[in-house]
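So the structure is just underneath, and the comments pick up after that.
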Amino acid sequence: MLDQRLVRENPDLITSELGRRGMTVDLTGLQLIAQQQRNLEEQRSKLQAEGNRIGKEVGQLIKNGSDPKASEVAEMRQQGNIIKQKVAVLEDEEKQLSARLREQLLTLPNLPSPDCPEGRDESDNQERRRWGTPREGEDLLEHWEIGEQLSLFETERSVRIAQSRFVTLTGQGARLERALINFMLDLHSAKGYKEIMPPVLVNSASLTGSGQLPKFAEESFRCAEDDLWLTPTAEVPLTSLHRDEIIPAEQLPLRYAAYSPCFRREAGSYGRDTRGLIRLHQFNKVELYWFVHPDHSQAAHAQITADAEAVLQSLELPYRVIELCTGDLGFSASCTYDLEVWLPGAKAFREISSCSACGDFQARRSAIRTKERKGTRLIHTLNGSGLAVGRTMAAVLETGQQSDGSVLLPKALVPYFGKDRIQPE
RNA sequence: GGAGAGGUGGCCGAGUGGUCGAAGGCGCAGCACUGGAAAUGCUGUAUAGGGGCAACUCUAUCGAGGGUUCGAAUCCCUCCCUCUCCGCCA
């Protein structure tokens, strides 16, 4: 959420910054609401101060023995009542304005960071670097073909269990998924990340706090009876882990690594990536998350990205780093690096991690602050996938495929999987 | 699902309708004492919004929302949440 003060005092800045995202917003109405709200608040508190004064005086008079029914006292009571009525009217108006203001503010995305490259859509994203040598070859299979040959997962039968876009991992496939999760968590834990296993049902406040609500309700599965949602990413419960808290500066940064299944409705993606593990309603992910002092968030962004990259490097999976342009940024992000892994079978780079700096955007929505000499200050949050597990499996399968039909696993994974390759059973 | 108890500051815990943003304690910070520390003493220590360069000041907040009153942490109503026991259950 953006700062109300900014809306009030410098809406042009917001308009031009959101313009960099390709949005056209007119904030004059919102600014007016914000200013009116502030005016009302001022009037109201002055009246309340007067009312408080009268209340105290009446108390004094009665305490000193005045007759409560004396005309002097009755007069003041009368005044108190008038003030109360006026306050009630102002308060009502003020509440309505505040509600409208907040409602609208919640729908505005974060401002892009100053050095975020300008651009309209993903074609303007900028490649920052590459790692590894992509494996190439004409007869390389795509991961679902390998999965089918080695009986690693069930697509058709999963429709029977749930519906399309769900997968059932079986045998060595299930084992590989588990190996990947454990490997990732161990790697991050060794770097000082605290391991978290969060609830995967989250309430509306949590989704609002990280930015999924109110705008993206159709993206998440909802349990209507209970005001709970299936979490679309562990970013949601992790943000709310410290919602409404003041974190002592010396405890920052807090760094978490959370494994969780993630659930997405994928509304509007009919026909895209219908085969295999790339786009599912349910997938596993290990998420990295930082709560950081605002002065250190830039360095943190480089670090969280490096920590996500470390997983790919350890798994010997070639990838490139893409910096998203202003037009392709997610709702809560001010700056994002996507990691795209090379899929030799698909002969393409596919997004496998998204590492975003969110500034104070989520912190303001979630009221997460740190203590300063005087008062408090919103902290900054960062998140990054470390990594999306299903897509990692796809990359491992395609990268390690051998001509005999087996898949050679990266060395780092061997202790977790128990064997150095997947063979037909 | 059934029965009961309870929601007050970072935590514990008091609070008779009137100077209560809230005693006391713990914790934390600063100072004093000390060779250094412990112990002790003193002082300070909520959040949000508004005004002021600042010192400071105004308003709101004792789970939430209503109500009674000149005045509510305290009285009334509604809702929410947490805990305990029983039942069911991995």
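Below, chains carry the letters A, B, ... as their sequence lines are ordered, and counting in each starts from 1.
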Gap between atoms [atom1] and [atom2], on [X] and [N] respectively (whole Å):
X	N	atom1	atom2	value
A/Arg38	B/G50	CZ	P	7 Å
A/Gln43	B/A60	CD	C1'	17 Å
A/Asp244	B/G9	CG	P	14 Å
A/Gln48	B/U61	CD	C1'	12 Å
A/Asp3	B/A48	CG	P	13 Å
A/Gln85	B/G67	CD	C1'	15 Å
A/Arg243	B/A48	CZ	P	17 Å
A/Arg77	B/G17	CZ	P	17 Å

- Do we get A/Arg175 above A/Phe417's six-membered ring, with its NZ or CZ under 6.0 Å from the centre and within 45° of the axis? yes
- Query: Would A/Asn182 and A/Tyr259 count as having a side-chain donor-acceptor pair, cut-off 3.5 Å?
  - Reply: no
- Do A/His242 and A/Tyr256 have a side chain donor and acceptor closer than 3.5 Å? yes
- Query: Within the structure shown, what part of the strands sits under 4.0 Å from A/Arg53 by heavy-atom distance: base, sugar-phosphate, or nothing?
  - Reply: nothing
- Which part of the nucleic acid, if any, lies within reach of A/Ile246 when heavy atoms closer than 4.0 Å are counted: base, sugar-phosphate only, or nothing? sugar-phosphate
Quantified in whole Å, what is the [atom1] atom distance between nucleotide [N] and nucleotide [M]?
N	M	atom1	answer
B/G9	B/C28	C1'	14 Å
B/A55	B/G51	C1'	14 Å
B/G24	B/A14	P	15 Å
B/A72	B/U16	C1'	13 Å
B/A22	B/G35	P	40 Å
B/G17	B/U68	C1'	11 Å
B/G67	B/A60	P	16 Å
B/G21	B/G15	C1'	13 Å

- Side chains of A/Ser204 and A/Trp229: closer than 4.5 Å at any heavy-atom pair? yes
Phosphate OP1/OP2 of [N] contacted by [X] side-chain N/O (<4.0 Å):
X	N	result
A/Lys84	B/G71	yes
A/Arg5	B/G50	yes
A/Asn52	B/U59	yes
A/Arg44	B/G49	no
A/Thr376	B/A48	yes
A/Arg102	B/G49	no

- Query: By ring pair (Phe, Tyr, Trp, His ring centres under 6.0 Å), which residues pair with A/Tyr289, not counting sequence neighbours?
  - Reply: A/Phe291
Counter-base of [N], judged by Watson-Crick or G-U geometry with both distances under 3.5 Å:
N	result
B/G7	B/C80
B/U16	none
B/A73	none
B/G87	none
B/C42	B/G30
B/C62	none
B/G21	none

Of the listed nucleotides ([options]), which one gets closest to any side-chain atom of [X]?
X	options	value
A/Lys371	B/A46, B/A60, B/G51	B/A46
A/Ser45	B/C70, B/U59, B/G50	B/U59
A/Lys95	B/U47, B/C70, B/G65	B/G65

- Item | Aromatic ring pairing A/Phe331/A/Phe216, orientation class (parallel under 30°, perpendicular over 60°, tilted between) | perpendicular
- Query: For A/Asn125, which of A/Asp328, A/Thr336, A/Asp338 qualifies under side-chain hydrogen bond (donor to acceptor under 3.5 Å, both in side chains)?
  - Reply: A/Asp328
- Message: With a 3.5 Å distance limit and no angle check, can you tell me whether A/Ser332 reaches the backbone of A/Ser210 through a side-chain donor-acceptor pair?
- Response: yes
- Item | Distance, nearest 0.5 Å, that separates CZ of A/Arg279 from CG of A/Asp273 | 4.5 Å
- Those residues that, when tested against A/Glu41, pass side chain to side chain contact (heavy atoms under 4.5 Å, CB included) (two or more places apart): A/Gln37, A/Arg44, A/Glu94
- Note on the structure: Note: for A/Lys46 and A/Arg369 on RNA chain B, the residue whose nearest nucleotide lies more 5' is A/Arg369
- Query: Between A/Glu41 and A/Glu91, which is nearer to the 5' end of RNA chain B once each is assigned its nearest nucleotide?
  - Reply: A/Glu41
Could you run down the sub-3.5 Å N/O contacts of the protein with nucleotides 27-29 of chain B?
none

